[in-house]
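Here the structure is laid out as structure tokens; the discussion comes afterwards.
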There are 2 protein chains.
Amino acid sequence: MKYSKATDYALHTMLFLSVVGPDKPLGVQLLADKFQVSPTYLSKILTKLVKAGMVESASGANGGYRLKRNWESVSFLDIIHAIEGTASLFDCSLDHGPECQVQQIVLEAEAKMETHLRSQTLGELAKRSSLLFKGGQMSSDEGTV
Amino acid sequence: MKYSKATDYALHTMLFLSVVGPDKPLGVQLLADKFQVSPTYLSKILTKLVKAGMVESASGANGGYRLKRNWESVSFLDIIHAIEGTASLFDCSLDHGPECQVQQIVLEAEAKMETHLRSQTLGELAKRSSLLFKGGQMSSDEGTV
DNA sequence: ATATTATAGACTCTTAATATCTATAATTCA
DNA sequence: TGAATTATAGATATTAAGAGTCTATAATAT
Ligand code: SF4
Ligand code: SF4
């Protein structure tokens, strides 16, 4: 059980957009360079974020992606759900009623995780992460203090 | 992101063994019938549980699988780890140091989930689940109260 | 008009999960 | 001892999902 790479890219992209701020849009080309990922692939991820209502896109010259007004209240969970969907970690096809402990316990555990992910908003995060994205590409040595 | 079916089978099998109790071993054939899964596949899962030290196996006639002495303290997390391994939900290859919020937040969320899964032991569960496995196969209508 | 940028769909590639098959080892029992 | 029973292990096949590419189309600015 792992988070997909798409989620990884989405989290990093949103955090980066938060640090940059919503003033000028950034093209997918630039973002793809930053994270060393194919532009067409990243564009699919960004489109999901657009559809989830947390990013705005603009075609044409000087176009690109920028955060929407409400960006500060977007949580990690929002981003993860936008990419992975909201399906539960555990879904059995049967229904053994309230007697069923298995499903109940796993779902409670998942709920605890989600509560934490929901409490982490981009607004708070951006303040703490301004130093993270200083260089050109994301490399392994630039952030080590 | 989903738990694997193997984990699903493992949780159900362990819960079933808990309800039955460790007195007489059960063959994989019987368990596979119960959960409507191929015996050879289930046997691989059971072997993992044996190696994790939570189940005992015996070859030969009247052999099979039974819980070990300490079974009451085995947690959901133990079972999940036995099947899925203990790797983190999120592993980036880079290391941007303490500045990195992404990894830290996701790992904290995972820790909350694990804390809950660790708190649920088979001993407690077995008491509450005795009615669940009454019939032959697990079907969708037998448990609905 | 042309260049630029996002969007969408079809498509391929890769990997992991799922499942099967067969052979072997351990144990019981007659 | 020998046959039946049961777990273990390895090789292999099948399926499904994730990751990534390619190309065509739509929207926008200059
Ligand atoms: S015990 Fe719960 S999780 Fe398992 S099959 Fe029944 S309803 Fe599903
Ligand atoms: S910001 Fe954190 S999670 Fe992202 S690449 Fe750097 S160390 Fe990894």
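All values below were derived from every heavy atom in this structure, side-chain atoms included, with hydrogens, water molecules and symmetry-related copies excluded. Letters A, B, ... are given to chains in the order of the sequence lines, protein chains preceding strands, and every chain is numbered from 1.
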- Item | L17(B)/W71(B) under side chain to side chain contact (heavy atoms under 4.5 Å, CB included): CA gap, chis, key distance, verdict | CA-CA 10 Å; L17(B) 291 177; W71(B) 71 271; over 6 Å; no
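Within the 4.5 Å cutoff, side-chain heavy atoms of V102(A) are placed close to those of F90(A). Residues L46(A) and L31(A) form a side-chain contact, since some pair of their non-hydrogen atoms from C-beta on lies under 4.5 Å apart.
Nearest nucleotide to the V50(A) side chain, out of dT7(C), dA9(D), dA8(C): dT7(C). The listed nucleotides are dT4(C), dA19(D), dA9(D); the one nearest the side chain of T47(B) is dA9(D).
An OP1 or OP2 oxygen of dA10(C) is reached within less than 4.0 angstrom by no side-chain nitrogen or oxygen of K44(A). Phosphate proximity of dA19(D) to S38(A): absent, as no side-chain N or O sits under 4.0 Å from OP1 or OP2. OP1 or OP2 of dA17(D) has not a single side-chain nitrogen or oxygen of S4(A) nearer than 4.0 Å.
Among the heavy atoms of the strands lying under 4.0 Å from Y9(B) are primed sugar atoms or P, OP1, OP2 only; no base atom is included. Backbone-only contact: V28(B) has heavy atoms under 4.0 Å from sugar-phosphate atoms and none from a base. Note on T40(B): a base of the nucleic acid sits closer than 4.0 angstrom, heavy atoms only. Looking at heavy-atom distances under 4.0 Å, S43(B) makes contact with a base.
Counting to the nearest Å, the C1' atom of dT5(C) and the OH atom of Y65(A) are 8 Å from each other. The separation between Q29(A) atom CD and dA6(C) atom C1' is 13 Å, rounded to whole Å.
Position along DNA chain C of the nearest nucleotide to G60(A) versus N62(B) favours G60(A) as the more 5'-ward residue.
Contact check on E56(B) versus R69(B) returns a salt bridge, with a Lys/Arg side-chain nitrogen under 4.0 Å from an Asp/Glu carboxylate oxygen.
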